[in-house]
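These numbers come from a predicted model, not from an experiment. We count ligands from 1, going down the list as the structure has it; atoms in each ligand are counted the same way. By convention here, the first residue in the shown sequence is residue 1.
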Amino acid sequence: MSEVRVWLVGAGPGDPELLTLKAARLIGEAEVVLYDRLVSPEILAMARPAADLIDVGKRPGGSHTQDVLNELLVLHAQSGRRVVRLKGGDPFVFGRGGEEVEVLARHGIACEVVPGVSSALAGPASVGIPVTHRQVARAVTIVTGHEATDSDPVDWSAVARLGGTLVVLMGVERRGAIVSKLIESGLDADTPAAVVMHATTARQRVWSGRVGELPDADVASPAVMVIGAVATFADDAAALVAAQTLPVDG
Ligand SMILES: C[S@@+](CC[C@H](N)C(=O)[O-])C[C@H]1O[C@@H](n2cnc3c(N)ncnc32)[C@H](O)[C@@H]1O
């Protein structure tokens, strides 16, 4: 393996202050930054003006396939310049980071992985939802709502029986089907649910209600869906903020 010239860096959920110090340093030192769609402009602005910033984000129906992206990554890595592959959240949480490390390794290219703050945890936390709580949730399951056609489908009936907190990423578009499968498999339609959209950014918005109401909820991507007793904490946090902003008499 060669000297490290490629860093697979987690950019966190959006707020630049949630970047790790290491990520901020590497972005500032990079000569090439290959970045995903959900990396915020404020974070990209931390790169040097001379750095090449390349948008490799995959969009629904868009032109970049993972194969094209892998080729680009290898090409830039072989150029000898310092390459940062910047991915939203943590590079190894549904970010195909593992596949990119394998591709680089096959080409004999050394790379270092820099963990990031995942939206799976930061999304709920940013609206006051603790994904675990000693009284009501002793486990948390993070699952994708977007099933790749070439991988095993998620066993939603097993997921419905796990208990604890369920965090679903990339699930907004398929929430009707996901909710049907969970309820068919025994999950109570009255289980609390929350959806945190654009978490930790200026566009952050939260919906909260019951699982049975999720299919008709006014929600949009990017979003983290939280299902389980802890989801009511979103209401509590909102109530607390409202109480703190009430005018004080006298
Ligand atoms: C391809 S996955 C990548 C996840 C990322 N690696 C992470 O650790 O957060 C993209 C999904 O993450 C979630 N996501 C990422 N950033 C988000 C944010 N700021 N607010 C809400 N959801 C977010 C959404 O479910 C989105 O569809």
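- For ligand 1, none of its N or O atoms has an N or O atom of Leu169 under 3.5 Å away.
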Side chain to side chain contact (heavy atoms under 4.5 Å, CB included), that's the test. Do Trp7 and Lys22 meet it? Break it down for me.
CA-CA 11 Å; Trp7 288 263; Lys22 188 163 188 173; 5.6 Å; no
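- Residue-to-ligand polar distances place Ser119 within reach of ligand 1: an N/O pair is separated by less than 3.5 Å.
- Residue Val224 approaches ligand 1 through these ligand atoms, each under 4.0 Å from one of its heavy atoms: 21 (C), 22 (N).
- Atoms of ligand 1 found under 4.0 Å from any heavy atom of His198 (numbered from 1 in listed order, with element): 19 (N), 20 (N), 21 (C).
- For the pair Gly88 and ligand 1, the shortest N or O to N or O distance falls below 3.5 Å.
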I would like to know whether Ser126 and Val196 meet side chain to side chain contact (heavy atoms under 4.5 Å, CB included); could you show each step before the answer?
CA-CA 9 Å; Ser126 66; Val196 189; 4.2 Å; yes
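- Side-chain contact check for Val103 versus Leu73: every heavy-atom pair is 4.5 Å or farther apart.
- Here the closest heavy-atom approach between residue Val93 and residue Ser118 is recorded as CG1-OG, 3.8 Å.
- Placement of Leu44 and Met46 within a single hydrophobic cluster is found when ILVMFWY residues are connected by side-chain heavy-atom separations under 4.5 Å, directly or transitively.
- Between Val196 and ligand 1, not a single N/O pair is under 3.5 Å apart.
- Residues Glu100 and Arg96 are not paired through a salt bridge, judged by the lack of any N-O separation under 4.0 Å between the basic side chain and the carboxylate.
- The nearest pair of heavy atoms linking Leu19 to Ala23 is CD2-CB, 3.8 Å.
- Using a 4.5 Å cut-off between side-chain heavy atoms of Ile, Leu, Val, Met, Phe, Trp and Tyr, with links allowed through other members, Val168 and Ile183 fall into the same hydrophobic cluster.
- The single protein non-hydrogen atom nearest to atom 11 (C) of ligand 1 is Met170 CG, 3.7 Å, given as residue, atom name and distance.
- The contact set between ligand 1 and Pro13, taken as ligand atoms under 4.0 Å from a residue heavy atom, comprises 18 (C), 19 (N).
- At least one heavy atom of Leu38 lies less than 4.0 angstrom from ligand 1.
- Under the 4.5 Å side-chain heavy-atom criterion for grouping Ile, Leu, Val, Met, Phe, Trp and Tyr, Val127 is connected to Val224 within one hydrophobic cluster.
- When the options Ala223, Gly116, Ser118 are ranked by their closest heavy atom to atom 8 (O) of ligand 1, first place goes to Ser118.
- Under the 4.5 Å side-chain heavy-atom criterion for ILVMFWY residues, no single connected hydrophobic cluster contains both Val226 and Leu182.
- Below 3.5 Å of separation, one finds no N or O of Met197 facing any N or O of ligand 1.
- Of the protein's heavy atoms, Ala199 N, 2.8 Å lies nearest to atom 20 (N) of ligand 1.
- Not a single heavy atom of Lys87 lies less than 4.0 angstrom from ligand 1.
- Interface of Phe94 with ligand 1, defined as ligand atoms under 4.0 Å from a residue heavy atom, comprises 1 (C), 2 (S), 3 (C).
- Look at Asp90 and you'll find a heavy atom under 4.0 Å from some atom of ligand 1.
- Residue Val93 places at least one N or O, backbone or side chain, under 3.5 Å from an N or O of ligand 1.
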